[in-house]
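This report refers to the structure that appears directly beneath it.
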Amino acid sequence: MSINTVSTTSFPGQRPGTSGLRKKVSVFQQPHYLENFVQSVFDTLGDCAGKTLVLGGDGRFHNRAAVQTILRMAAAHGFARVLVGQGGILSTPAVSCVIRKHGALGGIVLSASHNPGGPDGDFGIKYNISNGGPAPESVTEAVYQRTEAITEYRISDAADIDLQKTGATRIEAMEVEVIDSVADYAELMQQLFDFDAIRKLIASGFRLCFDGMHAVSGPYAKAILEGQLGAPAGSVINAVPLEDFGGHHPDPNPVNAAQLIAIMAADDAPDFGAASDGDGDRNMILGRKFDVTPSDSLAVLAAHATLAPGYRAGLKGIARSMPTSQAADRVAQALGIPAYETPTGWKFFGNLLDAGKATLCGEESYGTGSDHIREKDGVWAVLFWLNLLAATGKSVEALVSEHWQRFGRNYYSRHDYEGVDTHAANELMASLRIKLATMKGQDLGHYVVDFADDFEYTDPVDGSVSQQQGVRIVMTNGSRIVFRLSGTGTEGATLRVYLERYEADPEFHHLPTQQALYPLILIAEQVAGIADWTGRAHPTVTT
Ligand code: VG1
Ligand code: CO
């Protein structure tokens with residue numbers, strides 16, 4: 001075994017987006033492409049002697065090859081130890097859990113999350129810091145600067161290690177320990193939730209269906225829901241991670257999880273349905289013939305949090321990303337705790353969680369989590385819901401309807417225009433920004449604009465400022481339209497339009513969502529000229 005120094009030249013555009021560097025697999029397969037990025041991360045970290053790194057991914061195509069390369073590079077960089085998931089598999093929340101439990105310096109997650117996989121799909125890489133959370137912008141920016149200047153990387157010429165067998169081995173002086181992908185994570189879940197109560201609920205005939213979408217959460221859900229909580233075999237569907245996710249899009253929303261939606265819409269539907277995404281950090285919650293929006297899910301969990309053992313002491317605060325509906329704010333107000341509004345992306349929650357300012361966090365994009373780790377967590381959200389259902393004896397629909405009666409309903413929808421021309425998308429945003437200054441007080445349909453701005457966030461802990469995080473038009477009655485461009489796509493641009501309307505009157509709590517939001521949908525089109533700029537009359541995905 002020896003360590004080689006390899007000359008390289010920089011690749012343009014290795015700047016991490018909302019959640020890591022995501023590109024087509026073919027881009028990552030170019031010689032030196034992955035190596036350049038990994039060396040840039042290591043160079044940014046500096047001396048790693050004596051330190052532990054956690055490594056794993058969502059099992060998508062190129063995962064195993066990338067794991068072997070990164071192990072050889074970590075050995076060349078002088079890490080003392082790497083903990084790698086068996087088969088190269090670790091969900092994003094499991095990486096966060098393992099980093100924290102084992103006091104690692106950080107971790108590398110190989111995933112493009114909800115983006116499609118396979119040889120023609122996407123690949124991704126993300127670095128998480130010692131608190132278990134995604135690297136903040138200061139770190140990702142330093143990594144990007146390094147990728148622009150890189151001239152060489154170091155790598156051991158050691159042979160591939162066997163990822164299938166748990167246990168320790170060595171590359172150069174570095175210890176490599178292949179760990180059970182699920183064990184640490186499952187142990188943490190047992191500390192947070194009342195497994196006995198959930199077991200009793202399931203034993204009493206309560207039925208559930210969890211859709212692993214052939215992505216990483218299948219093994220976690222099987223081990224916990226079927227193995228530990230006694231759900232009958234077959235309760236977890238599409239449970240085996242596949243390199244191409246079975247050809248499907250591992251994005252748990254009513255459009256992409258069509259099989260689960262059909263199961264939950266049947267007359268003999270299970271009591272509870274859920275799905276997770278490529279890397280296991282998202283969750284979709286369903287009742288029988290009933291969808292729960294992610295924003296409502298966060299609010300309902302917050303309102304009932306003390307029913308779960310891990311949250312019995314109450315919540316310190318609730319944080320949500322700016323485009324997420326304001327339903328959780330109303331719960332925070334009722335509980336007398338602070339509500340925080342951050343830019344999109346889980347990295348912005350890390351400081352609030354570390355500082356003990358927030359306990360629960362959520363995003364409208366099917367992401368919910370808490371201070372138990374520093375990532376959003378799909379299986380955690382499922383267990384939280386099961387704990388609430390067991391503790392209250394109520395159905396999913398009853399819990400949500402009662403929530404609306406108490407707090408009012410925030411009708412909410414996101415319209416995505418995927419794969420539009422990048423130039424046109426940028427122009428649309430630029431022309432919106434020009435209009436902002438004069439919008440205050442304007443009449444739009446039956447609404448009056450309270451304020452309009454481009455969201456800027458000052459981190460209350462470290463004072464860092466993030467600008468241009470989404471254009472928002474907020475009406476005097478609290479209804480909102482938000483426009484932003486995705487930072488996770490790999491083809492053209494994706495415009496996201498977020499629509500929210502508050503309705504206090506229970507008589508109007510059961511309208512079809514798109515109908516309830518129709519006046520706002522018209523205003524969004526009128527203000528932004530979406531059809532003119534993008535050439536699209538309708539969104540590609542509506543959630
Ligand atoms: C999207 C979501 C955002 C989420 C991010 C990563 O980002 O909107 O809420 O944090 O994906 O999720 P964007 O920039 O495309 O809107 V995951 O599960 O793909 O890591
Ligand atoms: Co994800």
Side-chain angles (χ1 to χ4, degrees), residues 54-64 66-67 83-99 101-102 107-114 117-118 162-167 177-190 192-193 195 198 202 208-248 250-252 257 259-260 273-284 369 372-373 375-384 386:
V54 177
L55 176 62
D58 63 11
R60 69 178 59 222
F61 184 80
H62 203 50
N63 191 73
R64 282 163 182 272
V67 164
L83 302 174
V84 57
Q86 191 174 12
I89 294 273
L90 279 174
S91 72
T92 288
V95 169
S96 190
C97 163
V98 174
I99 291 173
K101 180 169 171 189
H102 297 274
I108 290 179
V109 190
L110 300 170
S111 172
S113 187
H114 60 286
D162 180 359
L163 291 171
Q164 287 317 117
K165 217 170 71 229
T166 57
E177 193 178 340
V178 178
I179 60 169
D180 181 305
S181 306
V182 179
D184 287 332
Y185 178 83
E187 183 191 280
L188 179 58
M189 293 303 113
Q190 286 165 25
L192 297 174
F193 301 114
F195 273 39
I198 302 173
I202 291 173
L208 65 91
C209 180
F210 180 98
D211 187 349
M213 302 191 88
H214 287 304
V216 81
S217 62
Y220 296 84
K222 263 215 160 299
I224 297 172
L225 300 176
E226 294 185 7
Q228 300 183 350
L229 295 170
S235 300
V236 180
I237 60 170
N238 303 319
V240 179
L242 298 177
E243 288 198 331
D244 66 350
F245 306 119
H248 296 294
D251 193 354
Q259 184 189 357
L260 177 67
S276 188
D277 70 331
D279 61 332
D281 57 358
R282 296 188 180 203
N283 72 92
M284 175 172 67
H372 69 294
I373 53 170
E375 287 279 7
K376 54 189 187 275
D377 190 342
V379 170
W380 168 90
V382 169
L383 292 169
F384 209 147
L386 290 173

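- Under a 3.5 Å cut-off, the side chain of S276 and the backbone N or O of R282 do form a donor-acceptor pair.
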*asked:* Please evaluate residues D184 and H102 with respect to the criterion side-chain hydrogen bond (donor to acceptor under 3.5 Å, both in side chains), reporting the C-alpha separation (whole Å), side-chain torsions for both, the decisive distance (0.1 Å), and the verdict.
replied: CA-CA 10 Å; D184 287 332; H102 297 274; 2.9 Å; yes
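- In this structure, D281 and S113 have side chains that are in contact, with non-hydrogen atoms separated by less than 4.5 Å.
- Side-chain contact between N238 and Q259 is present, with heavy atoms from C-beta onward closer than 4.5 Å.
- Using a 4.5 Å heavy-atom cutoff, the side chains of V379 and I224 are in contact.
- Side-chain contact between S91 and Y220 is present, with at least one heavy-atom pair separated by less than 4.5 Å.
- When atom types are taken as modelled, the side chain of E226 and the backbone of S235 share a donor-acceptor pair closer than 3.5 angstrom.
- R64 and L163 make their closest contact through CG-CD1, 4.5 Å (heavy atoms, listed as atom of the first residue, atom of the second, distance).
- With salt bridges taken as basic N to acidic carboxylate O contacts below 4.0 Å, none links R60 and D279.
- Between S181 and L90 the shortest heavy-atom distance is O-CD2, 3.7 Å.
- Residues L55 and V67 share a closest heavy-atom pair of CD2-O, 3.8 Å.
- Between D58 and A112 the shortest heavy-atom distance is OD2-N, 3.9 Å.
- Of all heavy-atom pairs spanning H372 and D377, the tightest one is NE2-OD2, 2.9 Å.
- Interatomic distance, H214 NE2 to H248 NE2, rounded to the nearest 0.5 Å: 6.5 Å.
- Considering only heavy atoms from C-beta on, F193 stays 4.5 Å or farther from L386 through its side chain.
- Here D211 contributes atom CG and D277 contributes atom CG; the two are 11.5 Å apart, rounded to the nearest 0.5 Å.
- Here the closest non-hydrogen pair linking D180 and V182 is OD1-N, 2.7 Å.
- Side-chain contact between F210 and K222 is absent, with no heavy atoms from C-beta onward closer than 4.5 Å.
- A donor-acceptor contact shorter than 3.5 Å is absent between the side chain of H114 and the backbone of P250.
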*When you look at I179 and V98, which way does the side-chain contact (heavy atoms from CB on, under 4.5 Å) test go after all the steps?*
CA-CA 10 Å; I179 60 169; V98 174; 4.0 Å; yes
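- Side-chain contact between L260 and C209: present, with at least one pair of heavy atoms (C-beta onward) separated by less than 4.5 Å.
- By the 4.5 Å heavy-atom criterion applied to side chains, Q228 and M189 are not counted as neighbours.
- A donor-acceptor distance shorter than 3.5 angstrom exists from the side chain of N63 to the backbone of G88, with no hydrogens or angles considered.
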